[in-house]
Amino acid sequence: MHKVIGQKVKKVDVIDKVTGQAKFAKDLSWNEELGFSRDELLHLKVLRAPYPHAKINEIDTTEAQKLEGVVKVITAKDVRKLGNFGLIFKDQEVLIREKTRYMGDPLAIVAAETKKIASQALELIKVDYEELEVVTSPWEAMEDGAPVIQEDYCYKELFASESESLNDRLANPNLHSSYNLDKGDIEAGFAEADHIFTNEFQTQHVEQLPLEPEAGVASYDEESGEYTLWAPTQWLHDMQYDIAHSLGVAPDKIKIIQPTIGGAFGKREDVSVHIHLALMAELTGRPVRLAYTREESMITQSKRHPIHFEFKTGVAADGRLTAWQAEVIGDVGAYASSSCAVVHQALYHCTGPYNVPHVKGKSYAYYTNNTYTGAMRGFGATQAAFAYESQMDIIAKELGFDPAEFRLKNAYQVGSTTPNGQKLTTSVATQDTIVEATKNLGYEPGTLNKDNDEKSATTESATKKRGTGIGTIMFGNGFGEGYPDHAYCNLKIKEDGRVVLETAAADVGQGVLTVAAQLVAEVLNISVDRIEVPQATTEMKNAGSTSATRQTIFSGNAAKLAAENLLGEINNLVFLKYGLNFPEFEVANGEVRPYSDQESITFGQLAKIANERGEELSAQGCYFPETFAPDEESGQSEFNYVAYTFNTNVVEVEVNTTTGEVEVLNVQAAIDLGKAIHPQNVEGQSEGGIAMGIGMALMENQIIEKGVTLNPNLSDYRVPTAVDMPQIDTAMVESGDAVGPYGAKGIGEPVMIPSVPAVINAIEDAIGVRIKELPATPEKILDALGKKDNN
Amino acid sequence: MDKVSITLTVNGNQYSLEVDPDLRLVDLLREELGLTGTKEGCGEGECGACNVIMNGATVQSCMVPVVRADGSEIETIEGVGSGDDLHPLQEAFIEYGAVQCGFCTPGMIITAKNFLDRNPSPTEEEIRQAISRNICRCTGYTKIVEAIKSVADKEGAS
């Protein structure tokens with residue numbers, strides 16, 4: 001029985017958040033602790049591309065520079081050559097030199113005494129440009145003679161010479177990357193099949209929409225050459241590296257301090273304000289602030305990849321899957337960001353958590369002049385799940401299987417192999433999630449009958465139809481694929497007895513800091529209240545990215561190990577003082593209590609003893625698991641991800657057949673998460689994830705036409721509000737056998753994935769129309785109903 | 001542009017300021033008075049992160065020109081409660097796990113406070129309607145609604 005693990009504890013940062021005291025990036029210019037006064041601060045504004053694909057002949061900033069209150073205006077020509085940046089490939093320019101590739105491209109930066117003057121100065125900058133043909137989709141990008149978007153892109157870094165992928169690229173100038181999957185013998189698989197199903201699916205550009213728009217503050221110390229930034233990022237050390245590389249300085253000259261972060265969902269992985277801030281702090285010699293408008297954020301920063309799937313699935317008469325072939329095509333937009341990983345992650349998840357002995361697939365990611373795409377919750381696996389769970393449902397219905405039974409028949413168990421050929425030896429409770437979620441909605445697998453008269457009787461009227469749908473998904477935790485993936489955590493006890501937990505892990509609202517504190521509290525047998533968690537900075541050791549659903553496993557394990565090592569240090573000090581060894585004393589509530597006659601001694605007193613010896617009472621934990629890169633030709637890897645999380649959502653909807661509107665009534669979630677460290681937090685993540693899933697399924701669409709974002713604002717880009725939300729219950733399937741602390745694995749992304757296909761499947765169950773292109777708007781539903789009635 | 005004189009009361013304190021007439025109330029609060037608890041999420045009155053109570057009404061402060069705030073009484077999140085003296089809504093948000101990233105939280109609490117002050121015994125549906133113009137991207141609203149309901153139920157019972 002754990003004392004703190006599995007309990008609802010007050011989150012470490014919650015009081016400041018409910019009182020409005022928590023400082024987000026844009027709040028910081030008032031904070032005198034930063035070392036400068038508000039009056040010294042300059043306000044920055046960025047001039048963005050006038051046209052999505054254009055040659056820039058000249059940028060004339062003379063009028064802007066003359067405006068009173070303007071301190072500096074720069075374009076690429078006015079500064080030293082700056083290195084490109086980018087998450088995986090560095091193909092993005094800090095300031096555009098020759099041509100724009102999308103509407104968010106930066107042409108000039110203005111620094112002025114007020115935000116208003118900076119905005120006015122932007123209007124005075126004249127740009128002479130020549131429009132180029134705009135590439136609007138992967139299909140246009142792959143055409144012979146299509147305009148080339150990234151001419152200088154060096155693809156050879158990525159693939160071995162003579163490889164199929166390199167040859168693909170050389171033949172297609174707009175192809176960013178391609179990946180392969182080849183498991184078993186696909187021809188044999190299809191030969192074994194009694195039925196073959198081929199379907200296409202398409203997802204849309206989705207905007208992550210964290211509620212806090214991008215912002216930051218920076219200062220530069222000329223004497224030391226050090227830059228200090230207060231700007232949120234999902235990965236401190238990666239951002240530090242990119243800034244340093246662009247500016248041409250050593251990474252240790254860049255210090256980033258995390259403010260409180262207002263959500264991320266993948267959007268804060270890429271550089272936004274960071275390099276511009278550092279550069280202008282250096283060039284003006286004054287502290288600077290940059291804050292994006294919501295419109296700027298929606299046009300400029302990354303989106304979820306629209307991905308097209310073509311699946312060909314072979315099924316035996318008894319319902320066993322025998323073969324799965326996939327073609328996956330993603331829209332990279334103007335710059336690489338994390339595209340090569342996102343689109344191939346979609347490929348690597350293409351069958352879903354179902355046993356398929358023969359799998360063959362190929363993924364392609366094409367440059368276009370749309371906003372560049374990057375990470376968004378689920379990272380390709382979300383889009384894949386919409387496609388494979390739709391495919392599974394289509395097959396089940398065609399063959400007359402109950403959708404839950406069909407999934408159970410094929411679902412992973414211990415011993416199953418993934419599309420990458422990884423054998424799952426532990427922590428596979430997929431089937432339990434299906435059983436649990438269906439039970440909680442109130443039906444047993446095998447009893448879902450679509451022509452049930454009883455069900456029709458419960459619908460409100462002739463025009464409102466109810467339906468039920470299932471989504472069962474898998475998600476590989478961690479970067480996997482042999483990429484460096486690790487985390488450190490440091491602990492220190494102060495003389496006042498408090499425990500300082502130093503982790504560079506970004507808490508974007510998901511609660512990693514609280515989870516880390518709980519783990520430390522559990523091991524040290526103390527209350528979470530005794531723990532202090534300072535703001536993360538680059539001066540701490542690398543905890544890796546808050547992404548890939550990795551922090552509970554990676555930073556969690558590092559925190560737990562740090563606490564165990566700290567116990568070792570405590571034990572050693574007690575031995576030096578009393579000659580006692582573990583377990584001759586109890587460690588509880590910040591005290592060491594010998595079982596013999598000696599007096600108790602507090603953590604603070606022990607820290608004092610250490611300090612008097614010229615030492616600290618501290619310890620470090622780190623976690624460095626190894627994964628293996630998939631083979632380039634076959635995508636096979638002995639150990640691709642450290643863990644897979646499985647999640648089933650069963651959804652009940654009501655469709656208004658007159659208006660096409662869909663109301664989601666009930667979602668029952670069951671997550672195979674190993675161990676729930678903070679169950680209330682898990683529920684909160686599941687509920688938020690379901691909201692995001694409903695958004696993607698029904699309403700969210702960042703519409704980009706001819707490279708122009710038509711709806712970069714919240715009145716035209718709809719996200720779910722409180723009245724759009726169903727009843728939600730989240731069950732936790734805890735087998736306790738995953739690689740994370742106390743048997744846990746991650747949930748941050750898996751929680752948003754299954755509701756997307758479950759809603760679409762429920763709509764099909766309700767009204768017999770299948771939406772294969774997201775989102776399922778009222779217009780699409782009415783259109784599909786109309787077509788169905790005409791047939 | 002000539003500055004204008006604005007006098008207003010914020011959280012019980014009176015302020016007299018000379019400001020640009022095209023300033024918005026959210027800028028006055030955050031930039032002039034340093035009350036950064038009120039957030040800006042969209043600048044177009046769509047997300048509720050900037051909500052404050054002005055003369056008893058919940059308003060989007062990003063949509064209020066400062067001249068309209070002249071002579072008004074404003075309540076922001078800083079006036080709702082503090083670390084040692086939390087408002088029941090703040091305590092409920094903590095208790096029910098209604099806070100994740102925290103960016104929507106000030107606006108959400110302001111909206112809920114004004115709503116409950118006027119509607120002490122709402123149904124769940126009424127609560128959802130009341131906060132339907134406060135966007136939260138993290139929580140899915142479930143625990144926010146539970147937190148607000150718990151305060152309503154407690155106060156209703158007393």
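Remember, predicted model here, so these are calculated numbers, not experimental data.
- Interface check for chain B: of the options Met298(A), Lys11(A), His678(A), Arg294(A), the most heavy-atom pairs under 4.5 Å are formed by Arg294(A).
- Between Lys26(A) and Glu40(B) there is a salt bridge, since a side-chain N of the basic residue sits under 4.0 Å from a carboxylate O of the acidic one.
- For Ile135(B), the parts sitting under 4.5 Å from any heavy atom of chain A are the backbone and the side chain alike.
- There is no contact between Gln727(A) and chain B, counting heavy-atom distances below 4.5 Å.
- Put simply, the side chain of Gln208(A) never gets that close to the backbone of Met376(A): no donor and acceptor are under 3.5 Å apart.
- Between Lys154(B) and Glu95(B) there is no salt bridge, since no side-chain nitrogen of the basic residue lies less than 4.0 Å from a carboxylate oxygen of the acidic one.
- For the pair Glu749(A) and Arg377(A), the salt-bridge criterion is not met [side-chain N within less than 4.0 Å of a carboxylate O].
- When the candidates Gly263(A), Ser715(A), Pro726(A) are compared by the number of heavy-atom contacts under 4.5 Å with chain B, Ser715(A) comes out ahead.
- Salt-bridge formation is not detected for the pair Asp27(A)/Lys23(A): no Lys NZ or Arg NE/NH1/NH2 atom is positioned less than 4.0 Å from an Asp or Glu carboxylate oxygen.
- The parts of Glu683(A) that come within reach of chain B are both its backbone and its side chain, each placing non-hydrogen atoms under 4.5 angstrom from that chain.
- Of all residues in residues 686-694 of chain A, those placing a non-hydrogen atom less than 4.5 angstrom from a non-hydrogen atom of chain B are Glu687(A), Gly688(A), Ala691(A), Met692(A).
- Residue with the most contacts toward chain A among Cys136(B), Ser132(B), Cys47(B): Ser132(B) (heavy-atom pairs, distance under 4.5 Å).
- Among Gln510(A), Lys10(A), Gln21(A), Gln685(A), the residue with the largest count of heavy-atom pairs under 4.5 Å with chain B is Gln685(A).
- Taking every heavy atom of both residues into account, Phe115(B) and Glu126(B) meet most closely at CZ-O, 3.7 Å.
- With values rounded to the nearest 0.5 angstrom, Lys113(B) atom NZ is found 9.5 Å from Ile77(B) atom CD1.
- With respect to Gln702(A), the side chain to side chain donor-acceptor pair (under 3.5 Å) criterion is satisfied by exactly one of Asn711(A), Thr709(A), Asp716(A): Asn711(A).
- Heavy atoms of Gln680(A) lying under 4.5 Å from chain B belong to its backbone as well as its side chain.
- Asn51(B) contributes atom CG, which lies 5.0 Å from atom CG of Asn134(B) (distance to the nearest 0.5 angstrom).
- Environment of OH in Tyr292(A): crowded, with over 12 heavy atoms of neighbouring residues, nucleotides or ligands closer than 6.0 Å.
- The candidate from Gly511(A), Ala215(A), Pro720(A) with the greatest count of non-hydrogen atom pairs under 4.5 Å with chain B is Pro720(A).
- No more than 12 heavy-atom neighbours from other residues, nucleotides or ligands sit within 6.0 angstrom of CD on Glu68(A).
- The part of Thr260(A) that comes within reach of chain B is its side chain, from C-beta onward, which places non-hydrogen atoms under 4.5 angstrom from that chain.
- Here Arg137(B) is the residue among Lys143(B), Glu46(B), Arg137(B) with the most heavy-atom pairs under 4.5 Å with chain A.
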Donor-acceptor contacts under 3.5 Å from residues 85-94 of chain B side chains, at least two apart:
| residue | atom | partner | partner atom | Å |
| --- | --- | --- | --- | --- |
| His87(B) | ND1 | Leu89(B) | N | 2.9 |
| Gln90(B) | OE1 | His87(B) | N | 2.9 |
| Gln90(B) | NE2 | Val18(A) | O | 2.8 |

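- Of the two parts of Phe103(B), the backbone and the side chain both hold a non-hydrogen atom closer than 4.5 Å to a non-hydrogen atom of chain A.
- Chain A forms more heavy-atom pairs under 4.5 Å with one residue of Cys42(B), Gly37(B), Ala98(B) than with any other, namely Cys42(B).
- If you check the side chains of Glu73(B) and Thr9(B), you find no donor sitting under 3.5 Å from an acceptor.
- In Glu296(A), the CD atom is crowded: over 12 heavy atoms of neighbouring residues, nucleotides or ligands sit closer than 6.0 Å.
- Heavy atoms of Val99(B) lying under 4.5 Å from chain A belong to its backbone as well as its side chain.
- Proximity to chain A is limited to the side chain of Glu44(B), based on heavy atoms less than 4.5 angstrom apart.
- Heavy-atom pairs under 4.5 Å with chain B were tallied for Leu209(A), Thr293(A), Ile728(A); the largest tally goes to Leu209(A).
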